[in-house]
2 protein chains.
Amino acid sequence: MTNRSKKSEQTVPCHACPVRKLNRFQPLPESQQAVVQQYRAGQTTIPAKQYLYREGELHGNIYTVFSGWIMLYKTLSNGGRQILRYVLPGDFIGFQADLQFPMNHSAQTLTDCTLCVFPRPNFLQMLQTNPELGLQIAWITARDMTLGQEYLVNIGRKNAKERLAFLFLELYQRLRLRNPKITDSIPFPMTQEDIADTLGLTLVHVNRTLRSLREEGLVNLSHHTLTILDYDQLSDITGFNNSTLATDQPLL
Amino acid sequence: MTNRSKKSEQTVPCHACPVRKLNRFQPLPESQQAVVQQYRAGQTTIPAKQYLYREGELHGNIYTVFSGWIMLYKTLSNGGRQILRYVLPGDFIGFQADLQFPMNHSAQTLTDCTLCVFPRPNFLQMLQTNPELGLQIAWITARDMTLGQEYLVNIGRKNAKERLAFLFLELYQRLRLRNPKITDSIPFPMTQEDIADTLGLTLVHVNRTLRSLREEGLVNLSHHTLTILDYDQLSDITGFNNSTLATDQPLL
DNA sequence: CGTAAAGTTGAATTCTTTCAAACACGGTGG
DNA sequence: CCACCGTGTTTGAAAGAATTCAACTTTACG
């Protein structure tokens, strides 16, 4: 078996992707807002398809995402790639078990992104001065881990259709938690190859499964827009449960 | 089947890993050990095959494992099961994104276990009184997440033989990090069905793959004892890299 | 308007599962 | 000490899911 997807060196910034402003990010808890504020090193805007950092690279910065989508992934020696999770507006990114060691995964923007940057020194100093933030970070990390476990179940114990359904509902719900007013259509900046590398499938099989979901009138995915046509049936297929993501909370 | 580029010389057992000298295996500072001590509610011993807690159940206790193996898993509506990770002596268990909500996974002992218990109130109070412990927990959680991501790659992008090889080396190395003196044989309390539910395979296929690994003289698994016969080739098969687990550290 | 990237589709192959049955081993009771 | 039992392991054969290979179509964008 073994699916790969060779990653070519894409250097071309792509404002191509019709994904625009994503949902507002949620403001930080007021109590901590002021504190965190003073350690920011300002905002950056990064075009689509750029690396924030790469596996094996030393990189101590921590980010908060204001707008845009980012994907985190690991690569295999055989050229394969496994996407670990998508980072959405409001999410926190760059914290790992050991900040002075090389990153254990890569982060690449899917769309143009606006980020709030905490250089490592600032970040560490902030934690030293405000130790109660440590627990915040622990909660956040635990929540990210929970999502990862959901992915594990999805890839390890479901068939292609169920996996697709899960991914769609997951992203839909995550956006919805941040902005309850969103419609049934959400931006979807990933390619089918990205989906494949998220779900442990091949591009070809994703395409076929997608067709089948479309023909059954469950979802529609085209032009980088995903429309949920039959939420109930999708959630039925994949056993998706809202409580899965319910502990979503605003971040730093 | 997949052919990957050969990785050659990193196959030396773990204490040879160059990163280790950089103090990654750091015990909790003594000052903190004393602090933690006073919030313990004592030790318990639990027989094999018992639940520590079950998915959906409210359960605020936090544990540190002194001895024994525990498995964490989630169950699916169709009866399936996905094992998320094995908890070994020295590990920390029970912390999740929201302690007042039902557990999002189950924990079941594989062997008799001796645990150190922190009732939730103690735990929370400990964090309140010693906020710097929050960051400790964040590191620990991040490390657990890293292992989970490794699992994701394993299940999502490798074939059966590669998956088995990874699991064996992972457990072997984790034990070895705690006790560098262990031999090539380690206790292996799981059944083949457990392995299957860890790797996203079926029991039958695990059995066949195991036979093939045995016939090639790579490992031997019987009577709940695993023997690594050819570490280099195993690590070659699965692309196992010591740095994968290098951030191992003793916990609370 | 042309090119590169992304999406589609068919056919053959391979990996993994399913179903079904037999075998092995540790523990229990007679 | 041996028969019996249940759990866990092993194996074969057939079916099914997903991959591979290869070509073609469409879309996005300079």
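Values below: every heavy atom of this structure, side chains too, minus hydrogens, waters and symmetry copies. Only a predicted model underlies this, so the values are computations on that prediction, with no experimental measurement involved.
In this structure, Asn78(A) atom CG and dT19(D) atom C1' are separated by 14 Å, rounded to whole Å. Straight-line distance from the CD atom of Glu193(A) to the C1' atom of dA4(C): 14 Å, rounded to whole Å. As rounded to whole Å, 12 Å separates atom C1' of dA6(C) from atom CD1 of Ile195(A). Between the C1' atom of dA18(D) and the CG atom of Asn159(B) lies a distance of 13 Å, rounded to the nearest Å. Nucleotide dG8(D) holds its C1' atom 14 Å from the CZ atom of Phe188(B), rounded to whole Å. Atom CD1 of Ile155(B) and atom C1' of dC15(C) are 16 Å apart (whole Å). A straight line from CD of Glu162(A) to P of dG16(D) spans 17 Å, rounded to a whole angstrom. Look at CG on Leu199(B): it is 17 Å from P on dC15(C), rounded to the nearest Å.
Counting non-hydrogen atoms under 4.0 angstrom, Lys161(A) reaches nothing in the nucleic acid.
In summary, the side chains of Tyr63(B) and Thr44(B) do not present any donor paired with an acceptor at a separation below 3.5 Å, with no hydrogens or angles considered. If you check the side chains of Glu216(B) and Ser212(B), you find a donor sitting under 3.5 Å from an acceptor.
Between Lys74(B) and Glu150(A) there is a salt bridge, since at least one side-chain N of the basic residue sits less than 4.0 Å from a carboxylate O of the acidic one.
Taking the six-membered ring where tryptophan is involved, the planes of Tyr86(B) and Trp69(B) are tilted, since the angle between them lies from 30° to 60°.
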Identify all pairs in which a protein N or O lies below 3.5 Å from an N or O of nucleotides 25-28 of chain C, and state each distance.
none

Return the polar atom pairs (N/O with N/O) between nucleotides 17-24 of chain C and the protein under 3.5 Å, or none.
from: dT17(C); atom 1: OP1; to: Thr202(B); atom 2: N; distance (Å): 3.4
from: dT17(C); atom 1: OP2; to: Thr202(B); atom 2: N; distance (Å): 2.9
from: dT17(C); atom 1: OP2; to: Thr202(B); atom 2: OG1; distance (Å): 2.9
from: dT18(C); atom 1: O4; to: Arg208(B); atom 2: NH1; distance (Å): 3.4

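For His105(B) and Tyr53(B), the gap between ring centers is short of 6.0 Å.
Side-chain atoms of Asp91(B) and Arg178(B), non-hydrogen and from C-beta on, do get closer than 4.5 Å to each other. A heavy-atom distance below 4.5 Å is found between the side chains of Tyr172(B) and Asp184(B). Annotation: side chain of Glu170(B) is in contact with side chain of Leu147(B) (closest heavy-atom distance under 4.5 Å).
A close approach under 4.0 Å does occur between a side-chain nitrogen or oxygen of Asn207(A) and OP1 or OP2 of dT8(C). Residue Gln192(A) places no side-chain N or O under 4.0 Å from the OP1 or OP2 atom of dA5(C).
For the atom pair OG1 (Thr209(B)) and CG (Leu164(B)), the distance works out to 5.5 Å, reported to the nearest 0.5 Å.
For Arg211(B), whose side chain is taken as the heavy atoms from C-beta onward, the closest listed nucleotide among dG12(D), dA6(C), dG8(D) is dG12(D).
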